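Single-structure report; data block below.
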Amino acid sequence: MENINQIFLIGMMGSGKSTVGAMLAEQLDWTFIDIDTELEKDSGLSVSEMFKDGENTFRTYETEKLEEIASKDHIVCATGGGIVLNEHNYKILDQSFCVYLDTSLDTLCNRVANDNSRPLLSGGNKKEIMKEIFDTREERYKSLSKLNITTDDKSIKDSCKTIMESINE
């Protein structure tokens, strides 16, 4: 396998990118970066508060942060679920080792059911909104993915093990 010095975790909100990413980075002794957390630190605002200026404004900050992160080595990065929609981001990620944490809609809905911090889910029936979002992003996740992990019945530890095995082949 190619020389991998960056891993970008992609997938829907609730797929486990931040949790898997933190554990994986620890196992690799690499730096863990969560794009949303970095944006919150930079701005002093929550993602929800950033969205109040509009999703496009948030996505601009997200792109700037991705460009900065993509220049670093020995990092595991948890991306935002919608990062794949921007063409510039897509091109950056397409040059990187992306792991798609593939999670069913039912599992995603269960995981975010009581989470009110997600701005895209604040306007109605969460399951319908999630399905709409999922349908617009799934193909992009799959096309960027160098490794696809179905996470529905997999522990965080098992997901990390699968990634470690893949990059050490």
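Given the structure is predicted, the values throughout are model-derived calculations rather than measurements.
- Between Ser48 atom OG and Phe58 atom CZ the span is 9.5 Å, to the nearest 0.5 Å.
- Heavy-atom contacts from other residues, nucleotides or ligands closer than 6.0 Å to CD of Glu87 number more than 12.
- Here Met23 contributes atom CE and Ser155 contributes atom OG; the two are 7.5 Å apart, rounded to the nearest 0.5 Å.
- Lys65 and Leu39 get closest at one heavy-atom pair: CB-CD2, 3.9 Å.
- Remark: Asp29 CG is loosely packed, at most 12 non-hydrogen atoms of other residues, nucleotides or ligands lying under 6.0 Å away.
- Going from atom CG of Leu28 over to atom CG of Asn5 covers 11.5 Å, rounded to the nearest 0.5 Å.
- Interatomic distance, Ile149 CD1 to Ser166 OG, rounded to the nearest 0.5 Å: 7.5 Å.
- Heavy-atom neighbours of Glu26 CD from other residues, nucleotides or ligands within 6.0 Å: at or below the threshold of 12.
- Applying the salt bridge (Lys or Arg N to Asp or Glu O under 4.0 Å) criterion to Asp135, with sequence neighbours excluded, gives Lys131.
- Considering every non-hydrogen atom in both Tyr90 and Val84, the closest pair reads CD1-O, 3.8 Å.
- With sequence neighbours excluded, the residues that form a ring pair (Phe, Tyr, Trp, His ring centres under 6.0 Å) with Tyr141 are Tyr100.
- Side chain of Thr60 to backbone of Asn56: a donor-acceptor contact under 3.5 angstrom is found.
- Once rounded to the nearest 0.5 Å, the distance linking CD1 of Ile4 with OG of Ser96 reads 11.0 Å.
- When Ile83, Val99, Ile92, Ile69 are each tested for a side chain to side chain contact (heavy atoms under 4.5 Å, CB included) with Phe8, only one passes: Ile69.
- Every residue two or more places apart in sequence or in another chain that forms a side chain to side chain contact (heavy atoms under 4.5 Å, CB included) with Leu45 is listed here: Ser43, Glu49, Met50.
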